[in-house]
Amino acid sequence: MFQGIDLSSDTATKPTDAMKAAMMNALLGDEQKDEDPTTLELQKMTGDMLGFDHALFLPSATMANQIAISALCNPGEVVLAAENAHIFLSESGGPAVHAGVVCRAVPALTGTFTADQIKKQDHWQKNYRHPAVTLISIENTVNFSGGISWKKEELDSVVNYAKKRDIHLHLDGSRLFNASIRTGLSSKEICKGFDTVTLCLSKGLGCPMGALIAFNKKHYLKIRHLKFLMGGAMRQTGMIAAAGIYALKNNIDRLNEDHKNAQLFSNELTKFDSHIRVVTHSPETNMVLFDWIFDTVSSEEFVSRCLKNNLRFSRMSENRFRAVTHLDVIKEDIIAAANIIADICC
């Protein structure tokens, strides 16, 4: 178990004592039979918050994304998403394996795009030779672009275009509430017009595991079937669901602290501009991307020396790193991390 300042991901969070107490006191039943009262409460709460008829509790956000793609597409059809979308890069080829779909990438380094960019991907004109695009998936916030959130006009552009073309929409909202805090849009506003939405509980919300997929009544039977098919049916899930209820009641507004700490870390890194190139000078949410450019100390040595000082980042490529702030990282940790980096740069 890593003991130190873990900026590798917001999945590093651990349940607080208050969350653990809620878990220990949860009412339990059989989730597969819809008899777990705590899970039912979490599902109802999530559906209401996001503006959907239903939500189902799942082990992971990856499973939620894969269920959504399988529910909204037939084999051989096209799912369209940004070139650096999580569903393309970090879900083990799931769209091809589970849904048998064609994955087509929209060139968009930010991970956000508009209807005009979609139109350039004109391969789905109604012709018997071309696979039909039946799903557009967006990620909000965009992980591999450094926690970028979608602007309202971008969302509206894609939603309106999809409706005109009769194309389904999925929102990978694993960090949905980070986007909400950044943009000032409510979660319902962000989710409006989508067929399905993924919400992850084990990132900034601080739960030990779990995710939900939200959707409307017409998709219920298909999604419930896929949940079981993919191994998402569970039993006494109330102990985990209770963590989700606690998080939704207590841990959303505090995400703003993570955003402030990310900005603080970005500011601290700019002090080492001859050794570090900061990519996200003004982090939108809780992520900072930076490049290690110090020739005297290799990136391997940088990683090794950080770990020796109990500091950890995510490595995105040979020289690019990602720092993610979360509820287990406080302002003093950010300053301590900056001091460790200062020693390496000396």
Side-chain angles (χ1 to χ4, degrees), residues 2 4-13 84 109-112 139-151 174-185 203-206 251-299 301-346:
F2 181 79
I5 304 170
D6 197 340
L7 293 171
S8 63
S9 176
D10 43 11
T11 59
T13 57
N84 60 357
L109 291 177
T110 63
T112 66
E139 184 182 343
N140 198 10
T141 62
V142 186
N143 182 2
F144 290 107
S145 295
I148 290 177
S149 53
W150 283 63
K151 299 178 178 65
S174 290
R175 295 179 175 90
L176 172 64
F177 295 124
N178 292 91
S180 177
I181 287 174
R182 166 65 184 185
T183 61
L185 298 171
K203 294 185 173 70
L205 293 178
N251 288 352
I252 294 177
D253 290 341
R254 62 142 307 278
L255 291 171
N256 192 48
E257 297 175 28
D258 300 339
H259 298 184
K260 290 179 179 178
N261 282 333
Q263 183 63 67
L264 174 61
F265 189 62
S266 178
N267 293 344
E268 289 293 318
L269 290 182
T270 60
K271 298 175 182 177
F272 317 115
D273 57 358
S274 61
H275 306 85
I276 289 174
R277 180 188 299 114
V278 179
V279 179
T280 47
H281 283 280
S282 299
E284 290 201 8
T285 53
N286 66 327
M287 297 185 189
V288 178
L289 301 182
F290 63 93
D291 295 333
W292 181 255
I293 56 172
F294 189 18
D295 291 338
T296 305
V297 178
S298 69
S299 57
E301 178 66 13
F302 171 67
V303 171
S304 176
R305 291 176 67 174
C306 283
L307 289 174
K308 286 179 181 177
N309 286 279
N310 297 315
L311 173 62
R312 182 161 70 176
F313 304 106
S314 277
R315 195 167 188 173
M316 310 294 282
S317 62
E318 183 177 358
N319 294 306
R320 178 157 294 182
F321 296 87
R322 183 189 69 167
V324 188
T325 54
H326 50 80
L327 65 83
D328 285 353
V329 173
I330 59 176
K331 180 179 179 180
E332 287 74 15
D333 293 324
I334 297 298
I335 300 301
N339 289 335
I340 291 169
I341 293 173
D343 288 341
I344 297 173
C345 291
C346 289

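Side-chain N or O atoms of T285 include one that pairs as donor or acceptor with a backbone N or O of G147 at under 3.5 Å. Between the side chain of W292 and the main chain of E318, no donor-acceptor pair closer than 3.5 Å is present. With hydrogens and angles disregarded, no donor-acceptor distance shorter than 3.5 Å links the side chain of N286 to the backbone of A262. Counting only distance, with no hydrogens or angles, the side chain of S266 and the backbone of T280 share a donor-acceptor pair below 3.5 Å.
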Side chain to side chain contact (heavy atoms under 4.5 Å, CB included) between N84 and L109, intermediate numbers included: CA-CA 7 Å; N84 60 357; L109 291 177; 5.8 Å; no

Check against side chain to side chain contact (heavy atoms under 4.5 Å, CB included), W150 and V142: CA-CA 8 Å; W150 283 63; V142 186; 3.9 Å; yes

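A distance of 9.0 Å separates CG in L205 from CZ in R254, rounded to the nearest 0.5 Å. In this structure, CZ in R175 is found 3.5 Å from CE in M287, a value given to the nearest 0.5 Å. Here the NE2 atom belonging to H281 is positioned 10.0 Å from the CG atom belonging to N267, to the nearest 0.5 angstrom. Distance check, rounded to the nearest 0.5 Å: CG of N251 to NZ of K203 gives 15.0 Å. The distance from atom CG of L255 to atom CG of N178, rounded to the nearest 0.5 Å, is 4.5 Å. Between atom CD1 of residue I293 and atom CZ of residue R277 there is a gap of 4.5 Å, rounded to the nearest 0.5 Å.
The ring-ring contact (aromatic ring centres under 6.0 Å, His included) test applied to F177 returns no partner, not counting sequence neighbours. The salt bridge (Lys or Arg N to Asp or Glu O under 4.0 Å) search around K271 returns E268, not counting sequence neighbours. Applying the ring-ring contact (aromatic ring centres under 6.0 Å, His included) rule to F321 yields the partners F290, F302; only residues at least two apart in sequence or on another chain are considered. By the side-chain contact (heavy atoms from CB on, under 4.5 Å) test, A179 pairs with N140, T141, S149, I190, sequence neighbours left out. The salt bridge (Lys or Arg N to Asp or Glu O under 4.0 Å) check on R305 picks up nothing, with sequence neighbours excluded.
Closest non-hydrogen pair, L269 versus I341, comes out as CD2-CD1, 3.7 Å. Summarising the geometry of S8 relative to V324, their closest heavy-atom pair is O-CG2, 3.9 Å, with the distance given to 0.1 Å. Across F294 and C345, no two heavy atoms sit closer than the pair CE2-O, 3.9 Å. When all heavy atoms are compared, the tightest approach of T110 to I148 is O-CD1, 3.8 Å. Scanning both residues, Q263 and P283, for their nearest heavy atoms gives OE1-CD, 3.2 Å.
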Taking distance alone, no hydrogens or angles, what donor-acceptor pairs closer than 3.5 Å link side-chain atoms of residues 326-338 to residues at least two apart or in another chain?
{"from": "H326", "atom 1": "ND1", "to": "D328", "atom 2": "N", "distance (Å)": "3.1"}
{"from": "H326", "atom 1": "NE2", "to": "D6", "atom 2": "O", "distance (Å)": "2.7"}
{"from": "D328", "atom 1": "OD2", "to": "K14", "atom 2": "N", "distance (Å)": "2.9"}
{"from": "D333", "atom 1": "OD2", "to": "I330", "atom 2": "N", "distance (Å)": "3.0"}

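Considering only heavy atoms from C-beta on, R312 stays 4.5 Å or farther from C306 through its side chain. F2 is listed as a side-chain neighbour of L307, based on a closest heavy-atom distance under 4.5 Å. Residues R322 and N143 are in side-chain contact: their nearest non-hydrogen atoms beyond the backbone lie under 4.5 Å apart. Between V278 and F272, the closest side-chain pair of non-hydrogen atoms is not below 4.5 Å.
Applying the 6.0 Å contact sphere to CG of D253 captures no more than 12 heavy atoms from other residues, nucleotides or ligands.
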